[in-house]
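Notes follow once the structure below has been shown.
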Amino acid sequence: MFRALLLQKNESFQASLASLDESALPAGDVTLDVAYSTLNFKDGLAICNKSPVVRQWPMVAGIDGAGTVTESSHPMWKVGDQVVLNGWGVGETHWGCLAEKARLKGDWLVRLPATFTLRQAMAIGTAGYTAMLCVMALERHGVQAGQGDVLVTGASGGVGSVAVALLSALGHRVVASTGKAAEHDYLKRLGAAEVIDRASLSEPGKLFQKERWTAVVDSVGSQTLANSLAQTRYGGAVAACGLAQGMDLPTTVMPFILRNVALLGVDSVMAPLALRQQAWDRLARDLKVNLLEEMIDEIGLDQAQVKAADLMAGRVRGRVVVKI
Ligand SMILES: NC(=O)c1ccc[n+]([C@@H]2O[C@H](COP(=O)([O-])OP(=O)(O)OC[C@H]3O[C@@H](n4cnc5c(N)ncnc54)[C@H](OP(=O)(O)O)[C@@H]3O)[C@@H](O)[C@H]2O)c1
């Protein structure tokens, strides 16, 4: 038997800690003892039943996991290997990692980088690995340190915190946008040169605004993304990965056709293995582990539901790590 955060939908939605039989685990060629999981925005949506993240019921929650292989028929993995899982529909269509055990496809797994512990890998989690994918997308566009200010929206959140830490470690002048007045010092410790109030970005604005940003990492979407585009300098780029404010994008073609601004979409869930491996290698090289420790709020599996509600209410800073 193993403990898991089980999501069920019959007449009504229910989330509860359940004791499940191992024979109920889904098909897969690698079985893990999960040591740590985490709460991302998507986990919050799923656990609080806020949007249709889960598409198969019952579902074990948890889109991320880090642990040790206990069984494997996959050529890449053997018993004792330490691995990381992000996305691939886990916690959505395949039982997830907010559980003591998970059975997964070996093709989904990344080897734990030597630089990180299993706990640190989950402090990074999908949020941090997506922040890295955003930075890599900007770099592919030609964005380099020293060209000008880089804006990070949703800065005190998971994606935002890791993006601030990464970009500043890479030498960029980072401007962090947050709605949390109490977290300005936190963001400066992560490396932000300047912190702005998110209210300056979240309301409807002009089509064209003063050119401020060489690049943007946006995890907020909606009006914030529209204003970020309208404030991006000629030839700049915006990496968009999230919808914390909303999934709409009330903009026009003007930033694209008159300022040559590029909007770069970033998805982590189905990102190919080679790109993930590259992102994790870059995280191991570029993310300062002491800054990662600043971001961590560690909880137990039995606290995950309460913390997921806090996350949805905007009461969480940085990254939640769940010790299984
Ligand atoms: N594309 C992908 O593959 C991918 C991967 C990971 C995450 N995401 C998405 O990225 C977003 C952030 O994820 P996360 O895990 O970092 O979540 P998170 O930790 O909850 O952070 C979200 C942050 O957004 C800001 N925010 C929240 N509500 C807002 C609102 N109404 N208006 C403006 N700002 C708001 C808050 O930052 P401040 O308080 O500092 O303003 C909050 O901390 C989510 O939409 C998530 O689904 C996408």
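Atoms within each ligand, like the ligands themselves, are counted from 1 in listed order. Quick note: numbers below take in every heavy atom, side chains included, and nothing from hydrogens, waters or symmetry partners.
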When Arg319, Lys288, Arg189 are each screened for salt bridge (Lys or Arg N to Asp or Glu O under 4.0 Å) with Glu294, the one that passes is Arg189
Judged by modelled atom types alone, do Thr117 and Tyr36 share a side-chain donor-acceptor pair under 3.5 Å?
no
Are there any N/O pairs under 3.5 Å between ligand 1 and the protein, and if so, what are their distances?
from	atom 1	to	atom 2	distance (Å)
ligand 1	1 (N)	Cys241	O	2.9
ligand 1	1 (N)	Val266	O	2.9
ligand 1	3 (O)	Ser268	N	2.7
ligand 1	3 (O)	Ser268	OG	2.7
ligand 1	15 (O)	Phe41	N	3.2
ligand 1	16 (O)	Gly158	N	3.1
ligand 1	16 (O)	Val159	N	2.8
ligand 1	19 (O)	Gly158	N	2.8
ligand 1	26 (N)	Arg198	NH1	3.4
ligand 1	34 (N)	Arg198	NH1	3.3
ligand 1	39 (O)	Ser156	OG	3.4
ligand 1	39 (O)	Lys180	NZ	2.8
ligand 1	39 (O)	Arg198	NH1	3.3
ligand 1	40 (O)	Ser156	N	3.0
ligand 1	40 (O)	Ser156	OG	2.8
ligand 1	40 (O)	Thr178	OG1	2.5
ligand 1	41 (O)	Gly179	N	2.8
ligand 1	41 (O)	Arg198	NH1	2.9
ligand 1	43 (O)	Gly157	N	3.4
ligand 1	43 (O)	Lys180	NZ	3.2
ligand 1	45 (O)	Leu243	N	2.8
ligand 1	45 (O)	Ala244	N	3.4

The side-chain hydrogen bond (donor to acceptor under 3.5 Å, both in side chains) partners of Ser202 (sequence neighbours excluded) come to none
Exercise for the section: If the plane angle is over 60° it's perpendicular, under 30° parallel, otherwise tilted; pick one for Trp280 and Phe116. Expected result: perpendicular
Item checked: Aromatic plane relationship, Phe13 with Trp57 - under 30° parallel, 30 to 60° tilted, over 60° perpendicular -> perpendicular
Say whether Gln147 and Thr214, considering side chains only, have a donor N or O and an acceptor N or O under 3.5 Å apart. no
